[in-house]
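Shown next, in structure tokens, is the structure this report addresses.
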Number of protein chains: 2
Amino acid sequence: MNIIIDRTSKENLTTQIYNYIKRAIHMGDISGGYKLPSTRELSRDLQISRNTVIEAYEQLLTEGYLYTKPGSGYYSSEKVTLNQNRIDPPLDVKEISMEKDSSVIDFKTGIPNLNNIPTKVLGNISREVYQDISQEDLGYSLPQGVKELREEIAKYTAIYRGVKAHPDQIVITSGTTQAIGLVTKILKKSVSPIALEEPITKDIREIIHSNNGSILSIPVDESGLIVSRLKKLNFKAVYTTPSHQYPLGSTMSLERRVELIKLCQDKTTYIIEDDYDSEFRYDGKPIPSLQGLAPDRVIYIGTFSKTLFPSLRIAYMILPFELISIIRQEKWLVDLHNPVVDQLTLSRFINRGHYRRLISKQKKVYRRRREHLLYEINRLFTIPCHIFGTPTGMHLAVRFKGINFNKKLLKRIYNSGVKIYRVEEHCYIKGNYRDTVILGYGSLTRNEITKGLEALKLVINP
Amino acid sequence: MNIIIDRTSKENLTTQIYNYIKRAIHMGDISGGYKLPSTRELSRDLQISRNTVIEAYEQLLTEGYLYTKPGSGYYSSEKVTLNQNRIDPPLDVKEISMEKDSSVIDFKTGIPNLNNIPTKVLGNISREVYQDISQEDLGYSLPQGVKELREEIAKYTAIYRGVKAHPDQIVITSGTTQAIGLVTKILKKSVSPIALEEPITKDIREIIHSNNGSILSIPVDESGLIVSRLKKLNFKAVYTTPSHQYPLGSTMSLERRVELIKLCQDKTTYIIEDDYDSEFRYDGKPIPSLQGLAPDRVIYIGTFSKTLFPSLRIAYMILPFELISIIRQEKWLVDLHNPVVDQLTLSRFINRGHYRRLISKQKKVYRRRREHLLYEINRLFTIPCHIFGTPTGMHLAVRFKGINFNKKLLKRIYNSGVKIYRVEEHCYIKGNYRDTVILGYGSLTRNEITKGLEALKLVINP
């Protein structure tokens with residue numbers, strides 16, 4: 001407690017403590033129901049006799065400022081607070097509730113099926129990690145992340161994504177967001193822009209801008225990024241989502257992949273490969289990552305937000321050797337390193353096969369949801385619908401020919417109990433995708449999908 | 001597994017799988033001793049019959065590429081890897097070991113006594129958090145951090161640090177490093193420099209520079225920052241460590257505090273108050289935080305790295321209301337938010353009184369270590385020694401009159417088994433503290449302190 005004891009004062013120590021606590025309760029600095037330090041603790045902290053503290057507490061008890069719970073100690077009374085110090089935050093900073101409005105069926109993208117996450121297993125592993133943690137692992141760690149986790153990622157990505165990486169080429173980051181920020185920072189020596197797919201998730205644009213990077217937009221088609229458009233342009237890196245373009249869902253063809261790699265080798269620029277949900281591919285045709293084809297040109301970004309859960313905040317970069325030292329330095333300056341217990345928990349979770357089992361389980365769920373979604377679109381809508389993209393991931397884009405999904409229409413759809421998302425939000429050049437929406441199915445049951453589409457039909461195609 | 005099944009190929013599916021795995025093991029893409037997906041998993045993933053997979057696995061087993069463990073599945077053999085894809089990282093990125101050289105007594109600062117951390121309690125709480133976590137808490141959360149933790153911090157800092165804060169004024173960050181980075185970013189609209197104490201921990205300077213901020217250095221004396229030196233200067237913020245100056249250890253006097261606040265109110269500039277280890281104050285005279293005196297001018301930064309443990313990576317900022325929205329936006333762009341399980345674990349740890357008990361326990365340890373360190377300096381050294389600073393925290397600075405702690409001397413000291421740190425490392429203006437070193441005692445036992453000082457004496461004062 002922030003009590004200033006003045007041994008030269010005429011007031012005795014008991015009175016000083018009594019006055020301080022009484023005032024703090026009155027003012028609301030000590031809120032009602034707050035557990036006070038024990039008399040032993042406080043006497044030790046202030047280096048005064050325990051009896052002095054007991055005396056002050058007893059007086060406060062008698063006067064009703066404190067009450068006791070048997071075996072648990074002293075608490076401040078809720079009834080005597082005048083709350084003169086109570087602060088009322090202005091409206092613009094008041095808490096926004098994160099709770100889902102459960103009456104709305106939300107086709108949000110990027111949210112995995114959270115019902116299947118083995119939280120019990122994760123909890124047990126986390127406890128185990130705490131129980132046998134070393135002093136080194138409690139102290140400051142390495143910017144690139146703990147070795148155990150980088151080894152698991154190297155093994156996993158080699159087998160499942162055709163990635164070629166030594167664990168020392170991996171740097172653990174706080175999500176893909178931080179990874180993109182770090183890349184933008186280390187590339188800032190060159191003034192050339194970063195080329196982005198158009199459309200692309202709008203967050204990417206904001207992250208690059210906030211790190212003072214400039215942007216070049218290159219359109220995509222059903223074979224992914226139109227690489228030929230890059231030929232005559234100057235750029236320091238290309239950011240791409242080749243496994244599953246966001247938001248349109250295309251997979252970059254092998255021809256385009258080779259074309260892109262050759263181009264970037266000629267120009268000695270980097271490819272930033274964002275491989276956010278490629279684990280979920282339903283047609284049995286995984287295409288090897290760009291990283292596996294050109295490890296010295298590709299900055300590969302993978303994340304556990306979609307395969308495990310978003311609030312874990314763990315992603316990773318696999319880097320060409322020439323960039324590793326500078327990215328480690330930059331990560332150190334940004335936040336030193338990711339929390340160590342989380343990294344160790346995740347590495348044991350992967351090592352024991354839980355991660356692979358989870359992905360296999362989720363894949364089955366998503367495949368069924370996707371098939372159901374396609375079936376229901378076909379069943380319900382009589383207007384021509386075009387489905388974009390390949391059978392991958394947790395979302396698809398649908399063109400409803402002739403419908404303009406402006407804000408007014410989206411509001412009407414929302415009022416009928418359904419939330420869908422516009423491709424236009426992610427477009428730099430506006431107007432090409434007014435009739436196209438993104439439907440995420442990762443966190444919706446088949447029943448919810450049907451109900452959502454039925455409500456949508458009543459609004460746009462009655 | 002990244003196996004591409006080609007149903008149009010003349011090769012049957014069994015052969016395709018057999019060939020893929022054989023090649024992957026040969027090339028080292030599948031490392032020796034790796035557990036393969038079960039036949040059920042793989043058949044589900046590739047959507048082929050399970051018998052096809054079993055057949056391929058059995059063939060690989062017969063040929064020695066795989067072996068089995070009863071009840072546990074198929075593993076790749078260690079003996080057949082040709083490792084053609086093995087990557088050998090260049091020397092400059094090879095792992096630096098973080099393990100302490102246990103033969104050296106290291107007077108490192110900022111490392112708490114890690115023997116006392118109740119890792120068992122933390123592990124149990126963490127498991128409990130995972131077990132009753134909601135779907136909302138697994139998904140994306142708020143940039144400012146979870147409400148439960150911000151409420152605990154508001155209550156705690158009000159009582160122990162005299163801070164006045166509503167939970168909505170708090171933003172959780174990945175350590176103090178990220179907090180300083182965020183502040184530098186949001187202040188970048190103004191081109192004026194940030195004023196820093198001189199000397200100050202050199203990391204601060206690097207973090208500000210890496211966020212394109214410029215710096216103004218203002219000296220400290222035994223009453224903290226010499227505020228009068230700021231009067232005629234232009235600056236957008238002052239960064240200060242008023243409770244316990246780093247590295248010199250002074251506590252800013254109340255007069256200086258009032259002078260600084262008035263000055264910053266007149267200039268409408270911000271005070272960044274880094275309160276990194278003020279919990280540990282041994283003379284019973286805590287001085288209220290600057291934040292409590294001027295909540296609308298002060299950006300308060302507190303951390304759990306020194307009171308709990310560094311690899312937790314949780315710190316917090318308490319902000320004037322006008323800065324909250326922009327800091328939340330910036331945090332979102334940087335890494336969205338801190339991991340949620342860690343935040344919930346910490347909030348329950350505080351709520352149940354474990355945090356307070358830990359601090360009280362550690363304070364007792366540090367007080368004894370500090371007293372012992374002072375006693376031993378006095379006992380051992382005959383040359384005049386001046387101790388800087390007030391009885392606070394986990395380090396002190398000592399001037400050994402007439403000794404020049406250049407790199408050569410530090411090397412000799414290190415070779416005698418002791419590591420100490422130069423104040424000069426943290427100086428912008430060099431030359432004033434050549435005879436002054438920093439001794440951290442947070443992680444050293446009294447026995448180690450004695451042995452370290454005895455060895456030091458033999459080198460500098462034989």
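A note on names: the letters A, B, ... follow the listed sequences, proteins ahead of strands, and every chain is numbered from 1.
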So, the part of Ala165(B) with a heavy atom under 4.5 Å from chain A: the answer is backbone

Under a 4.5 Å heavy-atom cut-off, does chain A meet the side chain of Leu333(B), its backbone, both or neither? both

Under 4.5 Å from any heavy atom of chain B, what part of Lys35(A) do you find: side chain, backbone, both or neither? both

Counting only heavy atoms closer than 4.5 Å, note whether Asn211(B) contacts chain A via side chain, backbone, both or neither. side chain

Spacing of CG belonging to Asp137(B) relative to OG belonging to Ser311(A), to within rounding of 0.5 Å: 7.0 Å

Residue Lys364(B) versus chain A: region with a heavy atom under 4.5 Å: side chain

Residue among Asp132(A), Asp203(A), Leu138(A) with most heavy-atom pairs under 4.5 Å to chain B: Leu138(A)

For the student: nearest non-hydrogen atoms of Tyr20(A) and Ile159(B), plus distance: OH-O, 3.7 Å

Heavy-atom check, side chain of Gln135(A) versus side chain of Ile117(B), under 4.5 Å: no

Asn338(A), part contacting chain B, at a heavy-atom distance under 4.5 Å: backbone

Rounded to the nearest 0.5 angstrom, the OH-CD1 distance for Tyr140(B) and Ile111(A) is 6.0 Å

Do you know which of Ser305(A), Ala154(A), Gly123(A) has the most heavy-atom pairs with chain B at a distance under 4.5 angstrom? Gly123(A)

Which of Gly175(B), Ser174(B), Gly139(B) touches chain A most, by non-hydrogen pairs under 4.5 Å: Gly139(B)

When every non-hydrogen atom of Leu36(A) is compared with those of Arg356(B), the smallest separation belongs to O-NH2, 2.9 Å

Main chain of Val340(B), side chain of Arg313(A): is a donor-acceptor contact present, judged purely on distance under 3.5 Å? no

Identify which of Glu128(A), Gln343(A), His166(A), Arg127(A) forms the greatest number of heavy-atom pairs closer than 4.5 Å to chain B. Arg127(A)

Which pair of heavy atoms, one from Tyr156(B) and one from Tyr34(A), lies closest together, and at what distance? CA-OH, 4.2 Å

Tyr160(A) and Pro37(B): which non-hydrogen atoms are nearest, and at how many Å? OH-CG, 3.8 Å

Which atoms of Gln169(B) come close to chain A, meaning under 4.5 Å heavy atom to heavy atom: side chain ones, backbone ones, both, or neither? side chain

Residue, of Leu336(A), Val341(A), Ile359(A), that accumulates the most heavy atom pairs under 4.5 Å with chain B: Leu336(A)

Distance check, rounded to the nearest 0.5 Å: Gln131(B) atom CD versus Leu122(A) atom CG? 11.0 Å

What residue in Arg7(B), Glu206(B), Arg44(B) has the most heavy-atom pairs under 4.5 Å with chain A? Arg44(B)

Ile133(B) versus chain A, the contacting section by heavy-atom distance below 4.5 Å: side chain

Looking only at Glu279(A), His337(A), Lys120(A), most heavy-atom pairs under 4.5 Å shared with chain B are made by His337(A)

For Ser210(A) and Lys185(B), which heavy atoms make the closest approach, and how far apart are they? O-NZ, 4.1 Å

May I ask you to name which of Ile48(B), Asn115(B), Leu312(B), Thr119(B) has the most heavy-atom pairs under 4.5 Å with chain A? Thr119(B)

Scored by heavy-atom pairs under 4.5 Å with chain B, the best of Val121(A), Leu182(A), Thr176(A), Val334(A) is Val334(A)

Within a 6.0 Å radius of atom CZ on Arg40(A), are there more than 12 heavy atoms belonging to other residues, nucleotides or ligands? no

Between CG on residue Asp342(A) and OG on residue Ser126(B), distance to nearest 0.5 Å: 8.0 Å

Closer than 3.5 angstrom, by distance alone: can the side chain of Arg357(B) be matched with the main-chain N or O of Glu41(A) as a donor-acceptor pair? no

From Asp45(A) CG over to Tyr282(B) OH, what is the distance, rounded to the nearest 0.5 angstrom? 11.0 Å

Say you draw a straight line from OG1 of Thr177(B) to CH2 of Trp332(A); how long is it, rounded to the nearest 0.5 Å? 7.5 Å

So which part of Lys188(A) gets closer than 4.5 Å to some heavy atom of chain B, the side chain, the backbone, both or neither? side chain

Over 12 non-hydrogen atoms of neighbours within 6.0 angstrom of NZ in Lys108(A): no

